Amino acid sequence: MQTPTQDRLDARRVVLTVDSGEITAVDHDPANAASVDHELPSSHVLIPGLIDLHIHAPQWPQLGTGYDLPLEQWLFEYTFPLEASFADVDHARAVWASMVPSLLAHGTTTAVYYSSIHVEATTALAEACIDHGQRAWIGRVAMDHPEGTPPTYRDPDSATAIARTRESIRQLQALDDPHSLVTPTITPRFIPACTDETLAAMGALAAETGLPVQTHCSEDDWEHGHVLDRYGETDTTALRRFGLLDTGAILAHCGHLTNDDLAVLATLPGGIAHCPLSNVYFGNAVFPAAQALAAGVRVGLGTDIAGGPSPSLLAQIPASVNSARMLEEGVDPARPSGERGRADARIDTLTAFWMATAGGASVLDAPLGLLEPGRRFDAVAIDLRDAAPTFDHLPAEPDLVRFERLARLATHADIRTVWVDGRRVYDHGEHS
Ligand code: GUN
Ligand code: FE
């Protein structure tokens, strides 16, 4: 099952031909199924690999904890001290060895990672992705602002932020990566953590290398307000002025964009990593996904580990439907119903699933997210026996109903096999 567009389900039975990791043919004639190498059991559904556009890898040990503070305090009290511990590369390796296979088992075939500020830990993260076979966009985090960072966890100055970013990119590009899984990504953490000099240098580095950028954009009231106070403009226009939006920027959150920001983003490569569970705790508002999509902006989904409490991109699908519905309805019963919410904010499961797959691929401008010729074979086999059981005495459910059950009810426990670039990288070991 897949969603070629936001409003269309493709649930046909097909025979796929894969050559060197690329899908080269899709045959819709079941008669040709006789000669296949590998046939999925009838209860299994194949979907495109899930694309998680926003993960903080060094926050893996903190996942599911510490949601009692707003963003700024959360960063300074919990997160920055944890990330500082990744100066110890052995500690980093142990965390990556837990995290990467776990995320593959959750169906995350492509992960867009912020590492820590440490070059060695970042290279070790890329090595772990290559070893376990996960596709990954990876950035060593640049953060040098003396007010937006603690003394124990920052680049000491802009020159160091730039030199270490260059060195990290050099090390990632030098890795033996036969499947081209790793894309170095320029990662100024967010405007409050970076000096103007560093933001400008990261923009220049993007122009020089053509590499994509990732950062946080208009995440919550505090961060959005900081940028308005500092520059008298929004994150979007400031990031653009620093040259950070020209090579395909993956912008996390974006809950507080203006209509003008959306119009600007619609003209640029890259797009938005919508992290619906994280926004519950740190966004101060619901990201209006329907409005962003209607404005022509590319949008995919992210867990924001550990800002969101779940490692599962599947879990973000119903979460994004739920939060959009709450935005439309409003949440405060003390307000009259007509004034409670925002019109036309809801999205359906097709749109949410599209964001988790093809939408994410469009943000990355990568041949992923759909099982069609010319794209890489990154895929997940899900056993629908538990999430969408069939009963002999009831008529078979239409495809759209089975799809809705998949999108709302399937969990990582239903995932049976995961492939990246044509290689089987996870197997639940229960083919029946
Ligand atoms: N903004 C800057 N850093 C972070 C982070 O680690 N998590 C989230 N959610 N927002 C951030
Ligand atoms: Fe984040």
Side-chain angles (χ1 to χ4, degrees), residues 6 53-54 70-72 112 187-194 199 203 212-302 304 307-308 316 319-321 323-328 330-331 341-347 351-352 354-355 359-360 362-365:
Q6 285 165 49
L53 290 181
H54 189 53
L71 181 61
E72 186 181 14
V112 180
T187 309
R189 185 171 200 123
F190 66 158
I191 289 174
C194 294
L199 292 167
V213 169
Q214 61 181 341
T215 192
H216 297 83
C217 179
S218 297
E219 178 173 2
D220 76 337
D221 289 327
W222 159 71
E223 187 272 336
H224 184 60
H226 166 98
V227 178
L228 287 174
D229 287 348
R230 181 162 150 190
Y231 299 129
E233 60 184 339
T234 63
D235 287 52
T236 303
T237 54
L239 294 169
R240 188 183 195 192
R241 188 164 50 78
F242 285 116
L244 289 161
L245 301 187
D246 297 328
T247 54
I250 306 141
L251 300 174
H253 306 298
C254 293
H256 300 267
L257 298 183
T258 64
N259 288 340
D260 287 347
D261 291 337
L262 286 173
V264 167
L265 292 181
T267 66
L268 295 169
I272 295 172
H274 171 30
C275 307
L277 286 177
S278 172
N279 289 346
V280 171
Y281 297 98
F282 299 113
N284 298 132
V286 171
F287 167 69
Q291 189 193 1
L293 290 166
V297 180
R298 296 177 203 85
V299 184
L301 294 181
D304 191 27
Q316 310 305 317
S320 66
V321 174
S323 62
R325 189 62 166 265
M326 291 170 94
L327 179 60
E328 180 163 309
V331 293
R342 180 200 273 229
D344 302 323
R346 72 173 67 187
I347 60 170
T351 299
W354 178 88
M355 290 194 289
S362 73
V363 172
L364 299 176
D365 191 25

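Nothing here was measured: the structure is a model prediction, and the numbers come from that model. Note: hydrogens, waters and symmetry copies are ignored here, and every other heavy atom, side chains too, is used.
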Looking at residues at least two apart in the chain, or sitting in another chain, which of them share a side chain to side chain contact (heavy atoms under 4.5 Å, CB included) with [X]?
| X | value |
| --- | --- |
| Arg325 | Glu329, Arg346 |
| Asn279 | His253, His274, Phe287 |
| Ala193 | Met143, Thr149, Arg189, Phe190 |
| Val112 | Leu53, Trp137, Gln214, Ile250, Leu364 |

Please check if the side chain of [X] supplies one atom and the backbone of [Y] the other of a donor-acceptor pair under 3.5 Å.
| X | Y | value |
| --- | --- | --- |
| Ser320 | Gln316 | yes |
| Asp235 | Ser218 | yes |
| Thr215 | Pro188 | yes |
| Ser278 | Cys275 | no |

For this session: Please name the residue in the list Val363, Val297, Leu301 that meets the side chain to side chain contact (heavy atoms under 4.5 Å, CB included) test with Ile272.
Result: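 Among Val363, Val297, Leu301, the one meeting side chain to side chain contact (heavy atoms under 4.5 Å, CB included) with Ile272 is Val297.
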
Do [X] and [Y] come within less than 4.5 Å of each other through their side chains, counting heavy atoms only?
| X | Y | result |
| --- | --- | --- |
| Phe242 | Tyr231 | yes |
| Leu327 | Pro288 | yes |
| Leu257 | Thr234 | no |
| Arg241 | Leu199 | no |
| Gln6 | Leu293 | yes |

For this session: Report the residues that fulfil salt bridge (Lys or Arg N to Asp or Glu O under 4.0 Å) with Glu72, sequence neighbours left out, ordered by chain and then residue number.
Result: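 Result, salt bridge (Lys or Arg N to Asp or Glu O under 4.0 Å) vs Glu72: none returned.
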
Exercise. Looking at residues at least two apart in the chain, or sitting in another chain, which of them share a salt bridge (Lys or Arg N to Asp or Glu O under 4.0 Å) with Arg342?
Worked result: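 None.
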
Considering all heavy atoms, the nearest [X]-[Y] contact:
| X | Y | result |
| --- | --- | --- |
| Arg230 | Cys194 | NH2-O, 2.7 Å |
| Ala345 | Ala290 | O-CB, 3.6 Å |
| Trp354 | Ser362 | CH2-OG, 4.4 Å |
| Gly248 | Pro269 | N-CG, 3.7 Å |

Just verifying a value: how many Å separate [X] [atom1] and [Y] [atom2], rounded to the nearest 0.5 Å?
| X | Y | atom1 | atom2 | answer |
| --- | --- | --- | --- | --- |
| Leu244 | Leu239 | CG | CG | 5.5 Å |
| Trp222 | Asn284 | CH2 | CG | 11.0 Å |
| Leu265 | Cys254 | CG | SG | 6.5 Å |

Any residue meeting side-chain hydrogen bond (donor to acceptor under 3.5 Å, both in side chains) with [X], in chain and number order, not counting sequence neighbours:
| X | answer |
| --- | --- |
| Arg240 | none |
| Arg298 | none |
| Asn259 | Gln291 |
| Thr351 | Asp348 |

Exercise. Given Leu251 and Leu245, is the side-chain contact (heavy atoms from CB on, under 4.5 Å) satisfied, shown in steps?
Worked result: CA-CA 9 Å; Leu251 300 174; Leu245 301 187; 3.9 Å; yes

Exercise. What residues, two or more places apart in sequence or in another chain, satisfy ring-ring contact (aromatic ring centres under 6.0 Å, His included) together with His224?
Worked result: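 Partners of His224 under the ring-ring contact (aromatic ring centres under 6.0 Å, His included) test: His256.
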
For this session: Kindly state each residue pair satisfying salt bridge (charged side-chain N to carboxylate O under 4.0 Å, His left out) with at least one member in residues 215-228, sequence neighbours excluded.
Result: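 Of all non-adjacent pairs touching residues 215-228, none passes salt bridge (charged side-chain N to carboxylate O under 4.0 Å, His left out).
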
